[in-house]
Amino acid sequence: MENLVYAIILLPLLGFLINGLFGKNLPKIVVGSLATIAVFGSFCIAVSLFLNFDSESQPVIVKAFEWFRVNGIQINFGFQIDQLSLMMVMIITGIGSLIHLYSIGYMSHDKGFYKFFTYLNLFIFSMLLLVMGSNYLILFIGWEGVGLCSYLLIGFWYTNEEYGKAARKAFIMNRIGDLALLIGIFMIASQTNAVDYLTVAQNAGKFELDGTIIIFITSSLFIGATGKSAQVPLYTWLPDAMAGPTPVSALIHAATMVTAGIYLVVRSNFLFTLAPTVQDGILLIGFLTAALAGFYALRQNDIKKVLAYSTVSQLGFMFIALGLGAYTTAMFHVMTHAFFKALLFLGAGSVIHAMSNEQDMRFMGGLKKYIPITHATFLIGTLAISGFPLLSGMISKDEILVAAYAKNPIYWVMLFILAAVTATYMFRLYYLTFHGEFRGTDEQKHHLHESPLNMTVPLIVLAILSVLGGFINLPHFIGHGHYAKLMDWLKPVLTPESFKQMETTLTGVAESTEFILLGATVAMFFAVWFIVKNTYVNKKKRAIAEDDYTGWEKLSAKKLYVDELYNALIVKTVEGLGRGGKMFDKGVLDRFVDYVGEGAEDSGRSMKRIQNGNVENYILIMSLAVGIILIVNFILQ
């Protein structure tokens with residue numbers, strides 16, 4: 001197993017090194033194929049390890065070497081293979097290999113082709129480090145690695161100044177969360193004398209339930225998670241990150257990097273279970289994020305921006321599950337979301353490819369007859385995220401709704417409304433893009449065509465996964481015990497306290513009640529579908545420019561002016577401090593240095609009069625000095 005674990009990590013690293021060093025001189029097909037095969041190879045190895053694991057298997061630690069020792073803490077560089085890490089590795093490498101394949105076609109005409117695949121392989125390597133590392137410090141290395149790759153890929157088309165600003169925005173906002181994460185790791189080390197997960201879990205019992213220290217540690221970890229997983233208030237970077245190529249949006253900002261925060265909380269379940277206050281905070285932030293992002297998505301015109309806010313909203317759903325203590329539920333939605341959101345982003349990329357790089361839905365329409373494969377697969381993704389019965393998104397989201405009802409029926413009502421909002425903006429996107437009359441230019445219409453095979457095959461595979469993915473964890477009245485399969489599978493990575501909390505939540509609703517709740521969500525889905533179709537197909541309502549909206553629609557289109565608020569309160573303040581610092585530097589520090597220099601020059605000129613080469617003056621001065629010394633000495637005696 002040790003060699004297989006190393007191979008999972010090293011294959012993407014090898015692809016990064018070969019393409020990075022020699023890719024400029026290699027044919028594009030070689031560069032793309034090498035990068036794709038490296039990631040797919042890691043996926044195959046992960047599947048082989050998965051087949052040798054079951055719900056009874058204990059974590060396997062693969063120690064590479066002793067890293068360092070400090071204050072009696074031994075830090076090893078190693079990897080932890082368990083049910084959680086295997087689940088994440090298969091998502092990362094499986095979805096990653098499909099997106100690499102798709103990118104061969106999507107980026108075929110780009111001058112930076114080899115650099116793009118170099119960055120993608122580096123990202124996969126960093127993400128694997130993050131989820132496979134056996135301790136928090138290795139997680140942090142991967143955490144920073146994916147942050148760097150995100151910066152490089154968001155700003156990939158760096159000649160566009162706005163894209164460069166979007167990359168910097170993502171980098172800076174993530175640094176805020178990263179600092180909090182680092183502080184949390186230092187606190188864990190100081191309190192438990194360890195940073196590896198197994199030892200910290202064993203020593204977690206020393207913390208007082210909801211004590212000051214455990215609240216501080218878990219709050220720090222959660223702030224780190226809000227940065228990577230785009231939660232309030234550190235969420236505004238992700239929609240701007242759509243500046244990067246569409247495959248980047250699918251890989252980093254839908255299926256993998258943004259789920260790092262959820263992984264961190266689930267991996268640290270032994271800490272968060274001891275901090276109910278922080279769990280309540282996670283629940284609140286999850287609700288706030290899901291509500292705000294869903295509201296913004298209702299009136300966005302950029303197809304990728306709608307999907308970006310959808311991602312933020314769905315991440316909010318995952319954090320709601322974490323706040324409820326339903327850790328496996330959150331991971332279930334991570335998995336299904338990876339399927340249908342990667343599908344939707346790649347489908348949007350296929351639309352943009354057909355539309356000659358047009359992203360504004362106001363200039364689309366009627367595309368279903370021009371790009372039928374993209375249309376069919378995109379429809380499946382839309383149905384999955386919106387809650388069509390038995391599709392993956394409906395099953396995982398229903399599990400979150402049931403957990404919310406078990407905690408408090410009011411939570412269920414709130415989530416029910418948010419689920420309706422999700423279906424509303426997704427069907428709006430679908431009908432504006434694929435139905436009605438084509439609203440683009442004649443040149444765009446002439447260019448319309450289906451994407452090549454290496455772009456449509458990943459769409460088909462992801463569409464199949466979006467349909468079948470939910471069957472991994474069917475609700476009990478359809479197949480088996482209360483969401484038992486995934487809950488039992490992930491049981492070894494949860495402490496008994498965490499598992500008990502989760503089991504109580506997920507089994508706390510009677511079968512009859514759960515069936516009624518499910519019926520209500522299904523009825524809501526079809527009602528929203530009918531209303532949106534009637535609005536945008538029968539009544540032929542069209543999207544309009546942001547500035548032409550009024551009332552709540554304008555607030556939605558302008559994202560409640562949060563970016564403008566951040567700019568006024570934070571960016572302008574920092575810039576003002578910078579200008580003040582510059583004035584202080586020039587007006588005080590520079591002047592002080594000038595005064596010191598001028599004083600030295602003046603003293604030099606004064607001394608110059610004495611040091612004139614006249615021996616008689618030297619003898620006189622020396623005699624006076626000797627006389628003064630003798631007089632002072634006599635007086636002191």
Side-chain angles (χ1 to χ4, degrees), residues 73 75 126-127 129-131 133 135-151 168-192 194-197 200 204 207 210-238 241 252-253 257-289 292 312 315-316 318-320 322-323 327 330 562 566 569-571 573-574:
I73 304 177
I75 311 295
S126 300
M127 195 69 200
L129 268 185
L130 192 158
V131 300
N135 61 59
Y136 284 101
L137 287 182
I138 299 176
L139 176 143
F140 188 75
I141 294 173
W143 194 275
E144 292 301 292
V146 295
L148 170 64
C149 294
S150 177
Y151 169 78
R168 290 197 297 273
K169 182 177 182 179
F171 193 78
I172 292 169
M173 293 194 79
N174 271 273
R175 295 292 73 72
I176 299 170
D178 295 354
L179 175 60
L181 173 60
L182 198 57
I183 292 172
I185 293 172
F186 288 157
M187 279 296 294
I188 290 172
S190 68
Q191 295 297 315
T192 64
V195 291
D196 64 283
Y197 303 130
V200 174
F207 293 113
D210 236 6
T212 303
I213 294 175
I214 192 64
I215 287 177
F216 181 84
I217 290 174
T218 50
S219 296
S220 298
L221 297 181
F222 175 56
I223 293 171
T226 61
K228 272 293 180 288
S229 295
Q231 298 295 287
V232 171
L234 303 177
Y235 71 97
T236 58
W237 67 268
L238 194 145
I252 296 183
H253 306 122
M257 189 187 89
V258 291
T259 62
I262 290 92
Y263 169 81
L264 173 64
V265 176
V266 176
R267 176 60 78 189
S268 306
N269 67 89
F270 42 80
L271 298 175
F272 283 91
T273 301
L274 297 173
T277 299
V278 176
Q279 284 187 310
D280 290 340
I282 294 174
L283 184 65
L284 174 63
I285 293 297
F287 270 115
L288 186 59
T289 303
L292 285 176
V312 176
L315 289 167
M318 297 172 204
F319 274 94
I320 290 169
L322 294 175
Y327 299 107
V562 170
Y566 281 8
L569 294 181
I570 300 173
V571 177
T573 301
V574 172

Which pairs of donor and acceptor atoms, one on a side chain in residues 136-143, lie under 3.5 Å apart (sequence neighbours left out)?
{"unit_1": "Tyr136", "atom_1": "OH", "unit_2": "Ser268", "atom_2": "OG", "d": "2.8"}
{"unit_1": "Trp143", "atom_1": "NE1", "unit_2": "Asp178", "atom_2": "OD1", "d": "2.7"}

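Note on residues 260-288: pairs passing salt bridge (charged side-chain N to carboxylate O under 4.0 Å, His left out), not counting sequence neighbours, are Asp82-Arg267. The salt bridge (charged side-chain N to carboxylate O under 4.0 Å, His left out) pairs that include a residue from residues 213-222 number zero, where partners must be two or more places apart or lie in different chains. Counting only residues at least two apart or on different chains, the salt bridge (charged side-chain N to carboxylate O under 4.0 Å, His left out) pairs with a member in residues 135-147 are Glu144-Arg175.
Shown here are the side chain to side chain donor-acceptor pair (under 3.5 Å) partners of Thr273, two or more places apart in sequence or in another chain: Tyr327, Ser498. Legend: residues meeting side chain to side chain contact (heavy atoms under 4.5 Å, CB included) with Leu284, ordered by chain and number and at least two apart, are absent. With sequence neighbours excluded, no residue satisfies side chain to side chain donor-acceptor pair (under 3.5 Å) with Asn135. With sequence neighbours left out, the side chain to side chain contact (heavy atoms under 4.5 Å, CB included) criterion links Ser229 to Ile262, Phe319. Listed by chain and residue number, nothing satisfies the side chain to side chain donor-acceptor pair (under 3.5 Å) test with Gln191 (two or more places apart in sequence, or in another chain). Annotation: side chain to side chain contact (heavy atoms under 4.5 Å, CB included) contacts of Thr192 (sequence neighbours excluded): Ile188, Ala194, Val200, Asn203, Phe207. By the side chain to side chain contact (heavy atoms under 4.5 Å, CB included) test, Asp210 is found to be paired with Ile215, Ala275, Pro276, Thr277, residues two or more places apart in sequence or in another chain being considered. For Phe270, the ring pair (Phe, Tyr, Trp, His ring centres under 6.0 Å) test picks out no residue, with sequence neighbours left out.
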### Task
For Arg168 and Tyr151, run side chain to side chain contact (heavy atoms under 4.5 Å, CB included): C-alpha distance rounded to whole Å, both residues' side-chain angles, the deciding distance at 0.1 Å, then the answer.
CA-CA 7 Å; Arg168 290 197 297 273; Tyr151 169 78; 4.2 Å; yes
